[in-house]
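Structure, as structure tokens:
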Amino acid sequence: MSMQAGSAADRPPDTSAHTISRTIVAEIATALAATTSLTELVTALRQHLKWLLPVTHVALYLLEDDGPNRRYRAVGAGDDETSHPIDDGLIGWALRHDTALDLPDLQDETRRPSGVTLVNTEQREGSLLILPLRAHGALLGALTIGSTRTDAYSAVDHSLVNLVALQVAAAAHTALLIERERRARALAEEAVRMRDQFLSTISHDLKNPLTTIKGRAQLLRHTLEGIEGPVGERAAAELTRIDHTASRMTRLINELLDVARLRAGQPLALDLHPGDLIELTRRIAAEYTDMGKRHRILVETAAATITGEFDLFRLERVLDNLISNAIKYSPTGGDITLRLREERAEGDDAPGTAILEVEDYGLGVPAADLPHIFERFHRAGNVGGAAGTGLGLAGARQIVEQHGGTITVDSREGSGTTVTVRLPLYTGEGR
Amino acid sequence: MSPTPESRLPLVDPATVTDPTVRAVYDEIERELGFGIVPNVFRAMGEQPAVLRAAWDLFRATVLQGLLPRTVKEMIGIVVSAANDSQYALTVHLHSLGVQGISDDVLAQLAAGADGAPGLAPSVAAIIAVAHTAARRGPLAVSDADIAHLEAEGVSRSEWAEVIATIDLFRYINGFTDLARVPIDAI
């Protein structure tokens, strides 16, 4: 980098002071390397450059883009950030020519490049150094160092600011990369937030009419209970079916928001309350029994209740998912057995584990697919036309694991599948 | 330069020290000071753990942290120690700056009390001038005009506070090392 226009100041170069300055340059380099934003970079420069040179103002200018009408603007700590065309001002001149400018007396027009229109924010008197900044071969912008005195900078100062400019270019390049990354992350987070908000609005809007359908169906059923004979009974059964289908629909809508989070692998915020797993299982099984006649849903358990701290809405969807899978992959019909039991650890007071098995006698899972069955979007090779996104089991596993439990699959192709869910039964303490 | 006298305080050996406070401080000194050793001034404080802790914390906060470059603060140390004719800090910090690449003639100029070295940034020259006045003629000799000069050269209030703290730290170290006759480290 060579200096143009103007001569070095009268202050004699002093090699001994130069050695002090070099140690200070090293300290400045350390401070600049620690900055992570352009604002921090400019602040650090303003803080440190005064130990090296007579300096009253320091500014950092960056080129805005690569187009033919390039512009530049000041960045960082509180400067006027209005952009200027590269054809304007002394800084524009230095950037266009990719050349450092040494202006020992700004008021003396004979000591600066001819034909340059000053930009209104530019320094008008004293000395100014303009140093183009390059990083990885590309022109990044310019550093300006100014003093209100004329002829403020010596030949030694010139070599020192060239050293500083190299450090500033590297730090500015890094800061730009970090800022770009920050902006991209903020955009992505905003997109997730908007998606969640959209889904939550949609869920709400879809659930309202369903509530009405459920309410009307229940009301109508009560009215029909007074009517004797097969017509009344048939109608009441159909209305129960409408009621249960509306319940299932509500569950699927509740799942919308969770599915979006589960797809992204984000954790759900569990809403834990005391609940009974047997009651929950019987209710879901009853709803499925009402909906189709080809499959029998059997609940087998020796216990009266299995209580623990559960997010019942989410577990309901796990069960829903396991039962609907069992039905989907048993196309010829048959029994689906839901087995529940509680396993006690040693000592009567210790909390136990709830074990739920969902067994079907359908297609089964090919051995090659078994290890991948809980992966998002993975579907077994033999499912053919059965509908599904392949997301359900991955979501079910996440919900179970967030409860502190496990979910496993045992299956043989052609003879059926057993899914086993184990859930720890916390007593409210030790969580 | 006066001959190196016998130490008037025992020099605690960092390798065998058992007091937990002293142990912790010596570990910090070895890690943070940059010499890889515990200088004798801190070894001489080793039998007063609370004083050692306070003195090291003061040194660390004043010289190793803050706004002024460490180089400038070590230069203040040389100016003050030269004015007090106190060999310990003078020798240690001359050595430290020499290691950092500052030439002998600049160091000699500083130590001789020359009023700043030509070519220093005006802010640094102003600080060195104030340190000279305070050390040679006493703190009361520093005038309002001197302070105004510092401000005109861009030295902020917090930086000025650091200058005061640095001058006083070296006055304290000079007093301690001279009274205790702390031997100069073999560095």
Side-chain angles (χ1 to χ4, degrees), chain A residues 8-35 40 43-59 77 126-127 129 145-161 163-164 167, chain B residues 32 34 63-79 93-112 114-128 131 149-160 162-163 166:
Chain A
D10 293 335
R11 208 144 49 90
D14 184 291
T15 51
S16 48
H18 197 172
T19 64
I20 291 185
S21 303
R22 278 184 185 277
T23 68
I24 293 176
V25 169
E27 290 195 52
I28 292 176
T30 310
L32 296 186
T35 62
E40 276 177 38
T43 308
L45 269 174
R46 293 205 173 127
Q47 166 64 36
H48 288 93
L49 267 183
K50 64 169 176 265
W51 309 124
L52 194 62
L53 305 158
V55 53
T56 38
H57 22 272
V58 178
S127 321
L129 301 176
I145 298 172
S147 167
T148 48
R149 291 172 221 188
T150 54
D151 295 306
Y153 300 111
S154 68
V156 170
D157 292 337
H158 291 153
S159 70
L160 292 173
V161 293
L163 283 177
V164 171
Q167 309 295 340
Chain B
E32 296 175 31
V63 177
L64 305 187
Q65 297 164 1
L67 303 167
L68 295 175
R70 179 173 171 177
T71 310
V72 173
K73 290 190 269 204
E74 293 202 85
M75 284 161 64
I76 294 174
I78 287 169
V79 166
H93 291 283
L94 281 174
H95 173 79
S96 169
L97 288 180
V99 166
Q100 289 171 59
I102 294 179
S103 61
D104 290 347
D105 50 335
V106 169
L107 296 175
Q109 257 178 309
L110 277 171
D115 200 7
L120 285 181
S123 59
V124 178
I127 288 172
I128 296 302
H149 183 211
L150 283 180
E151 266 179 38
E153 295 302 347
V155 178
S156 70
R157 258 168 206 283
S158 348
E159 287 158 357
W160 163 231
E162 243 180 84
V163 172
T166 310

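Just so it is clear: chains get the letters A, B, ... in the order the sequence lines come, proteins before strands, and each one is counted from 1.
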> Given that the side chain runs from C-beta out, which part of B/Ile127 has a heavy atom under 4.5 Å from chain A: side chain, backbone, both or neither?
Replying inline: side chain
> Which atoms form the tightest heavy-atom contact between A/Trp51 and B/Leu67, and what is the distance?
Replying inline: NE1-O, 3.9 Å
> Which value, rounded to the nearest 0.5 Å, describes the distance between B/Leu68 atom CG and A/Gln47 atom CD?
Replying inline: 8.0 Å
> Which value, rounded to the nearest 0.5 Å, describes the distance between B/Leu120 atom CG and A/Leu52 atom CG?
Replying inline: 10.5 Å
>> Show me the pairs that pass salt bridge (charged side-chain N to carboxylate O under 4.0 Å, His left out) and involve residues 49-58 of chain A, at least two apart or across chains.
In response: A/Lys50-B/Glu159
>> If you count heavy-atom pairs within less than 4.5 Å of chain A, which of B/Gly154, B/Ser123, B/Ser156 leads?
In response: B/Ser123
> A/Thr35: what forms a side chain to side chain donor-acceptor pair (under 3.5 Å) with it, not counting sequence neighbours?
Replying inline: none
> Who pairs with B/His93 by ring pair (Phe, Tyr, Trp, His ring centres under 6.0 Å), at least two apart in sequence or on another chain?
Replying inline: B/Phe170
> If you check every heavy atom in residues 24-34 of chain A against those of chain B, which residues fall under 4.5 Å?
Replying inline: A/Ile24, A/Glu27
